[in-house]
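Naming: A, B, ... by sequence-line order, numbering from 1 per chain.
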There are 2 protein chains.
Amino acid sequence: MIDRVAGATATTDEAPLALAQAISLSALPTGRIIQGDCIAAMRALPAASVDLIFADPPYNLQLGGELSRPDGSHVDAVTDHWDKFDSLAAYDAFTRAWLAEAKRLLKPGGAIWVIGSYHNIFKVGAAIQDLGYWILNDIVWRKANPMPNFKGTRFTNAHETLIWASTGEKAKYTFNYRSMKTLNDELQMRSDWEFPICGGAERLKKDGHKVHPTQKPEALLYRILLACTKPGDVVLDPFFGTGTTGAVAKRLGRRWIGIEREGVYIAAAEERIAAALPLDESALTTMQSPKAAPKVAFGTLVETGYLEPGTVLIDARRRFSATVRADGSLASACGQAGSIHKLGATLQGAPACNGWTFWHHEAQGTLQPIDTIRQTYLLATQP
Amino acid sequence: MIDRVAGATATTDEAPLALAQAISLSALPTGRIIQGDCIAAMRALPAASVDLIFADPPYNLQLGGELSRPDGSHVDAVTDHWDKFDSLAAYDAFTRAWLAEAKRLLKPGGAIWVIGSYHNIFKVGAAIQDLGYWILNDIVWRKANPMPNFKGTRFTNAHETLIWASTGEKAKYTFNYRSMKTLNDELQMRSDWEFPICGGAERLKKDGHKVHPTQKPEALLYRILLACTKPGDVVLDPFFGTGTTGAVAKRLGRRWIGIEREGVYIAAAEERIAAALPLDESALTTMQSPKAAPKVAFGTLVETGYLEPGTVLIDARRRFSATVRADGSLASACGQAGSIHKLGATLQGAPACNGWTFWHHEAQGTLQPIDTIRQTYLLATQP
DNA sequence: AGCGAATCTGAATCGGGGT
DNA sequence: AACCCCGATTCAGATTCGC
């Protein structure tokens with residue numbers, strides 16, 4: 001077991017504490033992973049003793065059969081027993097039970113973060129409101145590299161949702177506004193965050209297989225703890241898994257408590273946290289996500305009215321022409337159709353073509369490449 | 001009142017309809033705004049008569065006092081009476097009531113879209129699941145230019161959430177996959193969409209003041225209707241406001257029905273929709289999935305001489321080869337035989353295989369998938 | 001060693017029509 | 001209702017392989 005300085009030792013020298021609070025702090029098993037059911041484990045902890053709770057509960061995915069990629073390979077889905085519930089109602093009851101225990105553990109000025117997907121997040125959010133928490137923001141984690149929708153049946157599921165809530169409508173809470181603004185190049189931090197999914201060296205593996213099917217990226221926890229806790233605060237994670245919350249808390253000098261049922265995850269988490277190093281300056285700078293050049297799809301110009309469906313485009317030498325259609329595809333007179341790039345390539349018999357510079361439109365008597373419209377759009381919408 | 005061709009007039013010349021369906025269509029007030037309470041108005045409409053519902057219900061914002069910008073100017077917040085509910089429970093009851101009526105109106109293959117913010121979307125999503133809808137995606141509208149958080153107390157609220165759901169777990173639904181992929185420069189459309197908020201010339205104003213506090217951008221509706229409806233489909237908006245749904249539906253050649261209580265909004269919507277110009281037929285034609293193309297059996301290519309019996313096919317990596325037989329089956333050297341799909345799967349030991357892209361033939365010194373022969377056949381035989 | 005090609009993988013409610 | 005067959009369908013990033 002890992003053990004960091006217990007709360008009592010660190011605080012008894014300071015300002016006097018109420019007896020109950022002193023007992024609470026002395027009993028608080030920070031720097032430890034408690035093995036067992038999260039509701040039972042939370043019941044054993046003292047009330048009003050935790051500053052922040054981060055929870056990544058089971059999503060209750062309810063997947064159908066097997067799924068294969070177009071190349072025939074098999075998709076390794078989340079089929080673990082801990083994600084199985086008998087019914088929507090059973091999941092709902094479980095959700096309300098652990099959220100109620102969590103509320104009891106939070107100090108009056110504490111707060112909770114919960115992450116989920118559309119499978120469960122609406123149930124979670126509704127329960128949070130019903131239990132008297134006060135939602136402060138919902139945050140969208142935009143995945144830089146999500147798994148595609150292999151069957152072409154829906155939109156690519158490219159994000160997850162987090163809810164940040166205080167203990168009540170009038171409750172205080174911690175929000176390090178300046179830290180967030182600094183982290184975001186002196187612009188207010190928005191409610192949509194982009195991070196890659198957890199992979200590479202950060203992804204815990206054993207015998208070549210991932211230890212946990214849903215390990216979260218440390219960057220996500222880093223931003224949350226930096227935004228909503230102070231050094232020394234106690235962070236509880238009731239679904240600890242492989243300990244991302246503990247590792248990041250240690251790096252940032254926050255105390256932590258983990259609750260986890262599965263021994264395999266606990267073993268991996270302990271090893272991982274033991275190896276975690278306190279933050280140095282360079283780690284902070286790597287957190288600053290480089291601002292990617294904004295991409296604009298041709299279809300966006302059609303949707304937003306910068307270019308009307310029905311507009312006729314021609315190439316610079318006026319050899320080919322095509323009409324813009326409602327979905328951002330182009331149709332030529334000879335019946336061929338495709339994206340600006342594909343149709344340009346087809347008509348020229350070329351393997352590829354940059355449609356942005358190939359296609360032009362008539363404007364003030366001159367031919368303008370459609371790329372100028374994209375520049376206009378970017379100027380109008382970028383801060 | 002605006003009125004487009006009613007369903008009955010347009011369909012009586014065609015194939016006979018069941019009586020109930022004929023009544024439904026004749027009674028359907030498409031191209032109209034019904035004034036009144038949305039639940040009462042929906043009750044008066046026939047069951048299973050609508051292809052898509054788009055709903056932008058009151059968000060139940062629960063704002064505190066007045067809000068000022070750092071420069072002292074006043075923020076014009078949503079304080080309208082229609083956004084006031086007595087309690088969370090009252091809002092919940094209202095949400096479940098209109099969502100239940102909406103479900104009754106949807107055809108079995110229909111779908112619903114609802115937009116909201118963290119104030120209400122969790123209640124809405126939980127109700128959608130409880131009522132037996134099946135969530136297909138949650139979509140994040142990332143605002144390119146959101147209002148900043150003036151007090152510096154939270155993250156900038158820079159997105160809203162939409163839920164897309166079918167009428168049940170096993171229900172069919174419309175999703176124009178190819179159109180979405182084309183619209184997004186040949187990449188799958190993701191669940192996070194970026195649009196500017198509604199402003200400029202698009203924003204309806206009267207005497208210098210915005211007519212509606214939460215007018216949605218047409219680009220948002222454009223993408224939804226393009227993705228989830230076909231031309232001629234009936235789209236219902238039970239919280240019509242200033243008619244963004246109607247204006248975009250008219251442009252895209254979809255029929256529409258609006259329900260709205262406030263006369264001021266109705267007047268603005270009617271004027272706006274009357275001015276909207278429908279796209280012409282050629283612009284409305286969109287990219288189709290191969291699914292929608294006429295099917296060609298492999299045997300047809302053999303019968304019609306596009307491929308000679310006895311031709312040897314091989315896979316791209318030249319690991320397997322097989323001979324085309326007179327009945328359109330393939331036979332491998334090791335004695336196995338079957339359809340192009342089945343033999344491909346058997347030889348690879350895979351559960352399934354698309355023979356059209358797996359098998360190749362030698363042409364002009366290069367390997368060509370046999371799908372190119374099918375394309376040649378289609379070009380030659382389709383009008 | 002270094003570069004380009006090929007391979008692998010990630011919280012996924014992932015098909016439709018005929019017999 | 002269950003089974004069978006046809007055949008449509010993937011993006012970004014990390015890692016490994018091959019030259």
Asks: Give one of base, sugar-phosphate or nothing for A:Glu160, where a contact means two heavy atoms less than 4.0 Å apart.
Replies: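 Base, at least one base atom sits under 4.0 Å.
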
Asks: Tell me if the aromatic rings of A:Phe239 and A:Trp98 count as close, with their centers under 6.0 Å from one another.
Replies: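 Aromatic pair counts; centres sit under 6.0 Å.
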
Asks: From the options D:dC11, C:dA12, C:dA11, select the nucleotide whose nearest atom is closest to the side chain of A:Arg69.
Replies: D:dC11

Asks: Measure from the side-chain N and O atoms of A:Asn137 to the backbone N and O of A:Ile139, and report whether any donor-acceptor pair falls under 3.5 Å.
Replies: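 Between the backbone of A:Ile139 and the side chain of A:Asn137 there is no qualifying donor-acceptor contact (under 3.5 Å).
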
Asks: Suppose you measure atom P in C:dG10 against the same atom in D:dA8; what distance do you get, rounded to whole Å?
Replies: 28 Å

Asks: Measure from the side-chain heavy atoms of A:Lys143 and tell me the nearest of D:dG7, C:dA11, D:dC5.
Replies: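 Of the options given, the side chain of A:Lys143 lies nearest C:dA11.
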
Asks: Quick one, give me the B/S/- string for nucleotides 12-19 of chain D, reading 5' to 3', where B means a protein heavy atom under 4.0 Å from the base and S means that only happens at the primed atoms, P, OP1 or OP2.
Replies: SSSS----

Asks: What's the closest nucleotide to the side chain of A:Arg203 if the choices are C:dG15, C:dA11, C:dA12?
Replies: C:dA11

Asks: Within this structure, what is the CH2-to-C1' distance between B:Trp356 and D:dT9, rounded to whole angstrom?
Replies: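 Rounded to the whole Å, the gap is 17 Å.
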
Asks: Please report, rounded to the nearest Å, how far the P atom of C:dG10 is from the NE2 atom of A:His212.
Replies: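 For the pair A:His212 NE2 and C:dG10 P, the rounded distance is 13 Å.
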
Asks: For the side chain of B:His341, starting at C-beta, report the closest nucleotide among C:dA12, C:dG10, D:dG7.
Replies: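 Nearest to the side-chain atoms of B:His341, counting from C-beta on, is D:dG7.
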
Asks: Tell me, with the steps shown, if B:Asp130 and B:Arg96 meet salt bridge (Lys or Arg N to Asp or Glu O under 4.0 Å).
Replies: CA-CA 9 Å; B:Asp130 287 341; B:Arg96 282 165 196 265; 3.1 Å; yes

Asks: Indicate whether any N or O donor in one side chain lies under 3.5 Å from an N or O acceptor in the other, for A:His212 and A:Thr242.
Replies: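 No.
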
Asks: Does the side chain of A:His74 come under 3.5 Å of the side chain of A:Ser68 through a donor N or O and an acceptor N or O?
Replies: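 The criterion, which ignores hydrogens and geometry beyond distance, is not satisfied for A:Ser68 and A:His74.
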
Asks: Over all strands shown, is A:Asn120 touching base, sugar-phosphate only, or nothing at heavy-atom distances under 4.0 angstrom?
Replies: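 Here A:Asn120 touches no strand at all.
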
Asks: For D:dA8, does either OP1 or OP2 sit under 4.0 Å from a side-chain N or O belonging to A:Lys151?
Replies: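 No, outside the criterion.
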
Asks: Send over the distance from B:Lys181 NZ to D:dT9 P, rounded to a whole Å.
Replies: 8 Å

Asks: Remember a base hit wins even if backbone is also touched, and classify A:Ser117 as base, sugar-phosphate or nothing at under 4.0 Å, heavy atoms.
Replies: nothing

Asks: The side chain of B:Gln188 is closest to which nucleotide in this list: C:dA11, C:dA12, D:dT10?
Replies: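 Of C:dA11, C:dA12, D:dT10, D:dT10 is nearest to the side chain of B:Gln188.
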
Asks: Under the 3.5 angstrom rule, does the side chain of B:Thr167 hit a backbone N or O of B:Gly110 as a donor-acceptor pair?
Replies: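 No, because the side chain of B:Thr167 does not come within donor-acceptor range (under 3.5 Å) of the backbone of B:Gly110.
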
Asks: Mapping B:Leu136 and A:Lys210 to their closest nucleotides on DNA chain C, which lands nearer the 5' end?
Replies: A:Lys210

Asks: Which part of the nucleic acid does B:Arg178 contact within heavy-atom distance under 4.0 Å: base, sugar-phosphate only, or nothing?
Replies: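 No contact.
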
Asks: With no hydrogens and no angle check, just 3.5 Å: does a side-chain donor-acceptor pair link A:Tyr59 and A:Glu160?
Replies: yes

Asks: Scan A:Asn149 against the nucleic acid and name what it touches under 4.0 Å (heavy atoms): base, sugar-phosphate only, or nothing.
Replies: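 It contacts base atoms.
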
Asks: Among all residues two or more places apart in sequence or in another chain, which pass the ring-ring contact (aromatic ring centres under 6.0 Å, His included) test with A:Phe85?
Replies: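 If we apply the ring-ring contact (aromatic ring centres under 6.0 Å, His included) test to A:Phe85, skipping adjacent residues, the hits are A:Tyr91, A:Phe94.
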
Asks: Can a side chain N or O of B:Tyr177 be found less than 4.0 Å away from OP1 or OP2 on C:dG15?
Replies: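 B:Tyr177 to C:dG15 OP1/OP2: no side-chain N or O under 4.0 Å.
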
Asks: When you get a sec, tell me which of D:dC11, C:dA11, D:dA8 is the closest nucleotide to the side chain of A:Leu61?
Replies: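 Looking only at side-chain atoms, A:Leu61 lies closest to C:dA11.
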
Asks: Name the residue closer to the 5' end of DNA chain D, choosing between A:Met147 and B:Gly355 according to the nucleotide with the nearest heavy atom.
Replies: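 Here B:Gly355 is the residue nearer the 5' end.
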
Asks: If you count every heavy atom of other residues, nucleotides or ligands that lies below 6.0 Å from A:Arg261 atom CZ, does the total exceed 12?
Replies: no

Asks: Which part of the nucleic acid, if any, lies within contact of A:Gly65, taking any heavy atom under 4.0 Å across all strands shown: a base, the sugar-phosphate backbone alone, or nothing?
Replies: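 Base contact.
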
Asks: If you measure only the distance, is there a donor-acceptor pair under 3.5 Å linking the side chains of A:Thr244 and A:Glu218?
Replies: no

Asks: For the side chain of B:Asn354, counting heavy atoms from C-beta on, which of D:dA8, C:dA12, C:dA11 is nearest?
Replies: D:dA8

Asks: Side chain of A:Phe150 only, heavy atoms from C-beta on: which candidate in D:dC11, D:dC5, C:dA12 is closest?
Replies: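 The answer is D:dC11, which lies nearest to the side chain.
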
Asks: Just to be sure I understand the rule, does A:Pro217 reach a base, reach only the sugar-phosphate, or reach nothing, if contact means heavy atoms closer than 4.0 Å?
Replies: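 A:Pro217: no heavy atom of the nucleic acid under 4.0 Å.
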
Asks: Tell me what B:Ser339 touches on the nucleic acid: a base, only sugar-phosphate, or nothing, going by heavy atoms under 4.0 Å.
Replies: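 Here B:Ser339 touches the backbone only, sparing every base.
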
Asks: How close or far is atom C1' of D:dC11 from atom CG of A:Asp71, stated in whole angstroms?
Replies: 12 Å

Asks: Rounding to an integer number of Å, can you tell me how far A:Phe155 CZ sits from D:dT10 C1'?
Replies: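 Spelled out: CZ on A:Phe155 to C1' on D:dT10 is 17 Å.
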
Asks: Give a yes-or-no answer on whether the side chains of B:His341 and B:Ser339 include a donor-acceptor pair shorter than 3.5 Å.
Replies: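 No, no side-chain donor-acceptor pair sits under 3.5 Å.
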
Asks: D:dC6 and C:dA12: how far apart are their P atoms, nearest whole angstrom?
Replies: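 Approximately 30 Å lies between the P atom of D:dC6 and that of C:dA12.
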
Asks: Can you check the A:Gln62 CD to C:dA11 C1' distance for me, whole Å?
Replies: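 Value for this atom pair: 13 Å.
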
Asks: Classify the ring geometry between A:Phe155 and B:Trp164 as parallel (under 30°), tilted (30 to 60°) or perpendicular (over 60°).
Replies: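 Perpendicular, since the angle between the ring planes exceeds 60°.
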
Asks: Take atom CD of A:Glu66 and atom C1' of C:dC14, then tell me their distance rounded to the nearest Å.
Replies: 13 Å

Asks: Tell me the stems DNA chain C sits in, counting at least three consecutive Watson-Crick or G-U wobble pairs, each under 3.5 Å on both distances.
Replies: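 DNA chain C forms these stems: C:2-10 with D:11-19, C:15-19 with D:2-6.
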
Asks: Which whole-number value in Å describes the distance from B:Met180 CE to D:dT9 C1'?
Replies: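 From B:Met180 CE to D:dT9 C1': 17 Å.
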
